[in-house]
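Contents: one structure, followed by commentary.
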Amino acid sequence: MQQIKRIAIMTSGGDAPGMNAFIRGSVRYGLEKGIEVYGIEEGYKGLINNDIYPMEFDSVCDIIHKGGTMLKTARSKEFMTLEGREKAARNLEALEIDALICCGGNGSYAGLYSFANPEDGVWKGQVIGVPGTIDNDIRGTDFTIGFDTAVNTAVEAIDRLRDTGDAHGRHFIVEVMGRHCGDIALAVGIASGATYVAIPETKTDIDAIVATIKKTGHDIIIIAEGDEVGGANQLAEILKPHLEAITTEENNPEFRVCILGHIQRGGRPSARDRVLAHEMATTAVDAILTGKSLKAVSIKSGQISLDSDLVEKTKQVKIPA
Ligand code: F6P
């Protein structure tokens with residue numbers, strides 16, 4: 001097994017609360033294990049542009065409680081080209097970096113695979129993925145870093161909407177993030193007492209939504225941004241004629257739309273996300289030190305493991321009763 005002297009870490013794709021805890025954990029644990037740790041700024045973009053610098057114990061002071069990522073992040077089109085990846089590989093070779101750990105989502109995993117796979121990869125070093133995305137859409141892990149915080153942020157916002165909805169007797173259609181996966185919407189829906197949750201994985205039942213609106217005065221309806229009807233504005237348009245049809249003098253259902261958007265991505269990470277990020281970071285460093293590559297860290301039934309591959313596949317949601 002190759003003696004590891006120097007590793008690099010980065011965050012990539014959409015930021016997720018807890019990425020800073022991942023950075024802190026990787027740096028501090030790596031240094032403790034006697035290896036040098038380099039940080040790459042702006043993910044694959046920084047890897048191509050050679051924005052790579054050594055990190056010390058003090059580099060990661062006072063970041064654990066902050067949202068975003070101190071290493072910044074980006075989505076890089078250039079890394080999808082062979083030229084971009086070759087440039088990135090030469091940068092790591094020049095710095096004699098032995099291994100790369102990337103915290104990101106499905107696209108970031110695909111980037112790692114194309115970079116270092118034995119068939120047509122361009123870099124010979126080891127690569128390990130750590131799941132960091134609010135969407136919780138990575139197959140092979142029960143949770144991703146950032147999901148817990150994003151759900152809590154959305155629930156807090158919806159509790160406020162419920163107050164004003166109750167005061168006015170209005171329904172709210174709330175759009176949460178989730179392009180391909182309804183995990184955020186489902187968790188938020190249950191925790192906020194929503195009467196309907198529309199997700200990409202199931203067909204949205206307009207009649208069922210109208211039936212629930214008929215029953216109560218101030219429903220919360222959650223829709224994931226990737227639902228097949230579109231987002232909250234599209235659902236509102238579809239619902240309009242149905243609601244007009246059931247309007248009477250006594251029952252005049254009124255609704256408002258709220259798109260939570262990027263608010264879900266920012267803010268202080270929850271304790272749960274910080275612990276998960278720390279444990280995943282140390283597992284990733286250990287994986288490198290024991291010669292592993294092309295693997296992803298995951299958590300299954302509460303156990304952190306390393307048996308997932310870097311495959312780009314959206315996970316299948318489990319729809320609660
Ligand atoms: O990180 C995942 C995600 O938050 C998705 O839920 C959302 O569709 C997307 O990122 C938004 O991306 P951007 O920040 O590039 O607009």
Side-chain angles (χ1 to χ4, degrees), residues 7-33 35-44 46-47 51-75 97 99-109 111-112 126-138 140-150 152 265-289 292 295-299 303-306 308 310:
I7 66 168
I9 59 167
M10 67 182 189
T11 50
S12 163
D15 61 305
M19 280 183 163
N20 278 325
F22 154 78
I23 296 168
R24 181 183 183 276
S26 314
V27 170
R28 295 264 169 103
Y29 188 66
L31 295 175
E32 197 182 300
K33 290 280 169 183
I35 52 177
E36 291 172 39
V37 184
Y38 278 57
I40 302 168
E41 284 215 337
E42 290 189 274
Y44 292 113
L47 191 53
D51 291 329
I52 309 171
Y53 54 84
M55 299 185 81
E56 307 300 338
F57 188 91
D58 286 348
S59 315
V60 291
C61 282
D62 298 330
I63 61 164
I64 198 161
H65 60 301
K66 292 184 181 154
T69 152
M70 72 162 286
L71 286 175
K72 315 292 180 211
T73 185
R75 302 188 202 272
I97 285 169
L100 172 64
I101 303 173
C102 173
C103 179
N106 282 316
S108 308
Y109 279 17
L112 278 185
Q126 293 161 245
V127 294
I128 296 287
V130 171
T133 163
I134 66 163
D135 285 1
N136 208 33
D137 60 350
I138 299 181
T141 187
D142 292 344
F143 295 105
T144 56
I145 297 163
F147 173 70
D148 182 62
T149 309
N152 278 293
R265 287 237 296 259
R268 299 178 53 235
S270 65
R272 193 169 167 190
D273 273 330
R274 297 182 205 188
V275 173
L276 182 66
H278 179 83
E279 290 186 345
M280 287 185 159
T282 57
T283 303
V285 172
D286 278 337
I288 297 291
L289 293 175
K292 312 267 186 342
K295 289 282 173 194
V297 180
S298 61
I299 181 163
Q303 294 296 312
I304 306 273
S305 82
L306 201 76
S308 287
L310 294 170

May I ask you to check whether Asn152 and Ser270 show a side-chain donor-acceptor distance below 3.5 Å?
-> no
What's the shortest heavy-atom distance between [X] and [Y], and which atoms?
{"X": "Ala284", "Y": "Ile128", "value": "CB-CG2, 3.9 Å"}
{"X": "Ala277", "Y": "Ala21", "value": "CB-CB, 3.7 Å"}
{"X": "Ile52", "Y": "Gly46", "value": "CG1-O, 4.2 Å"}
{"X": "Thr149", "Y": "Pro269", "value": "OG1-CA, 3.5 Å"}
{"X": "Cys103", "Y": "Ile145", "value": "SG-CD1, 4.1 Å"}
{"X": "Met70", "Y": "Val60", "value": "SD-CG1, 4.2 Å"}

Do [X] and [Y] have side chains that get closer than 4.5 Å, going by heavy atoms?
{"X": "Val37", "Y": "Val285", "result": "no"}
{"X": "Pro131", "Y": "Phe143", "result": "no"}
{"X": "Ile304", "Y": "Leu276", "result": "yes"}
{"X": "Met55", "Y": "Arg24", "result": "no"}
{"X": "Ile9", "Y": "Val130", "result": "no"}

Kindly compute the distance separating [atom1] ([X]) from [atom2] ([Y]), expressed to the nearest 0.5 Å.
{"X": "Leu306", "Y": "Ser298", "atom1": "CG", "atom2": "OG", "result": "7.5 Å"}
{"X": "Met280", "Y": "Ser305", "atom1": "CE", "atom2": "OG", "result": "8.5 Å"}
{"X": "Ser26", "Y": "Leu31", "atom1": "OG", "atom2": "CG", "result": "10.5 Å"}
{"X": "Asp15", "Y": "Leu71", "atom1": "CG", "atom2": "CG", "result": "12.5 Å"}
{"X": "Thr69", "Y": "Phe22", "atom1": "OG1", "atom2": "CZ", "result": "9.0 Å"}
{"X": "Ile40", "Y": "Ile97", "atom1": "CD1", "atom2": "CD1", "result": "6.0 Å"}

Does Phe57 CZ have over 12 foreign heavy atoms under 6.0 Å away?
-> no
Got a donor-acceptor contact below 3.5 angstrom from the [X] side chain to the [Y] backbone?
{"X": "Tyr44", "Y": "Ser108", "result": "yes"}
{"X": "Asp273", "Y": "Gly146", "result": "yes"}
{"X": "Thr73", "Y": "Gly13", "result": "yes"}
{"X": "Thr11", "Y": "Lys72", "result": "yes"}
{"X": "Thr144", "Y": "Thr133", "result": "yes"}
{"X": "Arg265", "Y": "Ile134", "result": "no"}
{"X": "Gln126", "Y": "Ile288", "result": "yes"}
{"X": "Asn20", "Y": "Lys66", "result": "yes"}

